[in-house]
Amino acid sequence: MSFTESEERQALRKAVGDLGRRYGHEWYTKLARGGGKTTELWDEAGRLGYLGVSVPEEYGGGGAGIGDLAAVCEELCAAGTPMLLMVVSPAICATVIARYGTDEQKTRWLPRFATGELRMSFAITEPDAGSNSHRITTTARRDGSDWILNGRKVFISGVDEAEAVLVVGRTEEAKTGKLKPALFVVPTDTPGFEYRQIEMDLISADKQFQLFLDDVRLPYDALVGSEDAALAQLFAGLNPERIMGASFSVGVARYALDKGVAYARERSVWKAPIGSHQGLAHPLAQVKIELELAKLMTQKAAALYDSGDDFGAGEAANMAKYAAAEAAIKAVDTAVQVHGGNGLASEYGLGSLLGAVRVGRIAPVSREMVLNFVAQHSLGLPKSY
């Protein structure tokens, strides 16, 4: 086992970081406050191959693993230019289709994932299901050679930018009559498919939506892969989602820590930089330690996933997501405190992150459900829910 990233990944990190800093947090925040989109940055990152690093080479991608895609996400966040759709489109949707899609589905979708031309959202959360995916009520029934999809989804990211949505529904098993998970690609212009923006107290270029699916008719090949492999397909997307969520948090934490350290070095009140006072130096040092630990667990999760160890990756990805969210919350809070009143001034670019990092405790899986997973699967304790 090596704790040193390859030269190729280090070079990728540098190139992506340089790209993100060329746009910068001020550019991002101005867009987000004005309702704009990060289309310019997304398109450039796509043309340079950064969004397609984990798409198989035969479909025009880089042929690397989720670890490289996570590095891209982290560096963009660390540059102050986070793009939440990265967690969804190339990480979940492209991964699921690459692993389980038919040859026709791969040929249709993956080359455009590789270039970033295609944006695809992912829809699993429902109003009455919350964290209990067993209560999903979005269902698909056969009608001749077609599927008819009905249901509701909530807190779905980036639907207004997406060409299609990978929807988690349920189909009826012919032998038992029981419902089982199934994934469908639903183009956003399909009749019966509607979405409505949810107003959020977050400053983000990525918006959240409710979805309404009323007798949405889909061709049979809208079903991704096999009906029988649906649960495996679902978790093939959820592990990368957690890894990318952790990388997102790590990147934002790095941005906040860098801002806090720079200010602590420059700001002088009692004839010395405020960073010389342990009351500020120690919290910043603690953030650095916790950030590095979270990053290591994220890299472990990615390595396990890329090696094909889905269960081991599940444990590590949940732990990484938990640790990174906590580190990000602490990093932003500490950086704001170091800045004093300036920490909440728009000029310094930190106040807007307070809500953003708090999301990491809730999504893509809540802090409490991560603890449930670790208690049950890692510690062998009785299931508590």
Side-chain angles (χ1 to χ4, degrees), residues 17 20-38 41 73-84 87 155 157 197-208 245-291 294 322-363 366-367:
R21 285 185 290 273
R22 183 149 53 78
Y23 286 83
H25 189 62
E26 186 177 346
W27 169 85
Y28 175 86
T29 305
K30 184 177 179 181
L31 273 181
R33 290 184 188 278
K37 303 297 179 187
T38 56
L41 174 56
C73 180
E74 180 189 331
E75 293 303 324
L76 287 173
C77 290
T81 54
M83 295 193 292
L84 185 58
V87 177
F155 296 118
S157 302
Q197 185 175 333
I198 303 170
E199 294 299 325
M200 305 287 290
D201 287 336
L202 293 172
I203 299 171
S204 173
D206 298 280
K207 307 306 180 186
Q208 301 297 312
S247 296
F248 195 96
S249 292
V250 166
V252 175
R254 283 176 51 197
Y255 175 82
L257 179 60
D258 288 347
K259 296 279 284 187
V261 169
Y263 193 82
R265 286 191 185 124
E266 298 163 4
R267 175 75 165 163
S268 181
V269 179
W270 286 285
K271 298 180 181 180
I274 60 174
S276 65
H277 305 302
Q278 291 176 342
L280 295 182
H282 283 184
L284 289 169
Q286 285 180 307
V287 167
K288 175 63 175 175
I289 292 169
E290 291 169 19
L291 171 57
Y322 177 99
E326 298 301 312
I329 290 169
K330 189 168 184 176
V332 172
D333 187 67
T334 301
V336 168
Q337 192 69 20
V338 167
H339 280 72
N342 286 334
L344 298 177
S346 298
E347 174 187 352
Y348 290 85
L350 288 170
S352 62
L353 299 178
L354 287 167
V357 292
R358 187 60 179 78
V359 172
R361 276 189 180 160
I362 303 168
S366 73
R367 179 177 182 269

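As the structure is a prediction and not an experimental result, all values here were calculated from the model.
From Arg254, atom CZ reaches atom CD of Glu74 across 4.5 Å, with rounding to the nearest 0.5 Å. Atoms CZ and OG, on Arg33 and Ser204 in that order, are 12.0 Å from each other to the nearest 0.5 Å. Between the CG atom of Asp333 and the CZ atom of Arg358 there is a distance of 12.0 Å, given to the nearest 0.5 Å. To the nearest 0.5 Å, atoms CG (Asp258) and NZ (Lys288) are separated by 8.0 Å. Rounding to the nearest 0.5 angstrom, the gap separating the CG atom in Leu354 from the CG atom in Leu344 is 6.5 Å. The line from SG of Cys73 to CZ of Phe248 is 6.0 Å long, rounded to the nearest 0.5 Å.
Taking the six-membered ring for Trp and thresholds of 30 and 60 degrees, Tyr263 and His339 have nearly parallel ring planes, at less than 30 degrees apart.
Not one N or O on the side chain of Ser276 forms a donor-acceptor pair closer than 3.5 Å with the backbone of Ala272. In terms of modelled atom types and a separation under 3.5 Å, the side chain of Asp206 and the main chain of Leu84 share a donor-acceptor contact. Not a single donor-acceptor pair under 3.5 Å links the side chain of Ser366 to the backbone N or O of Ile362. A side-chain donor-acceptor contact under 3.5 Å links His25 to the backbone of Gly349.
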Test side-chain contact (heavy atoms from CB on, under 4.5 Å) applied to Glu326 and Arg367, step by step = CA-CA 9 Å; Glu326 298 301 312; Arg367 179 177 182 269; 3.3 Å; yes

request  = Determine, stepwise, if the pair Lys259 / Leu350 fulfils side-chain contact (heavy atoms from CB on, under 4.5 Å).
outcome  = CA-CA 8 Å; Lys259 296 279 284 187; Leu350 288 170; 4.2 Å; yes

ask   = Step by step, would you call Gln208 with Gln197 a side-chain contact (heavy atoms from CB on, under 4.5 Å)?
value = CA-CA 6 Å; Gln208 301 297 312; Gln197 185 175 333; over 6 Å; no

ask   = What do the steps show when you test Tyr322 against Arg361 for side-chain contact (heavy atoms from CB on, under 4.5 Å), and what is the final call?
value = CA-CA 7 Å; Tyr322 177 99; Arg361 276 189 180 160; over 6 Å; no

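Tyr255 has its side chain out of reach of Val332: every pair of non-hydrogen atoms, C-beta onward, lies at least 4.5 Å apart. The closest side-chain heavy-atom distance from Thr38 to Tyr23 is not below 4.5 Å. Using a 4.5 Å cut-off on side-chain heavy atoms (C-beta onward), Tyr28 and Pro82 make contact.
For the residue pair Ala32 and Ile203, the shortest heavy atom distance occurs at CB-CG2, 3.8 Å. The minimum heavy-atom distance between Ala356 and Leu202, with the atom names listed, is N-CD2, 3.9 Å. When all heavy atoms are compared, the tightest approach of Gly20 to Thr81 is O-CG2, 3.6 Å. Annotation for Gly360 and Ala325: closest pair O-CB, 3.4 Å, computed over non-hydrogen atoms. When all heavy atoms of Pro283 and Gln278 are compared, the closest pair comes out as CD-O, 3.6 Å. The heavy-atom pair separating Ala256 from Ala335 by the smallest distance is O-CB, 3.3 Å.
The number of heavy-atom neighbours closer than 6.0 Å to NZ of Lys37, taken from other residues, nucleotides and ligands shown, is above 12. Counting non-hydrogen atoms of neighbouring residues, nucleotides and ligands closer than 6.0 angstrom, the CZ atom of Arg265 reaches no more than 12 such neighbours.
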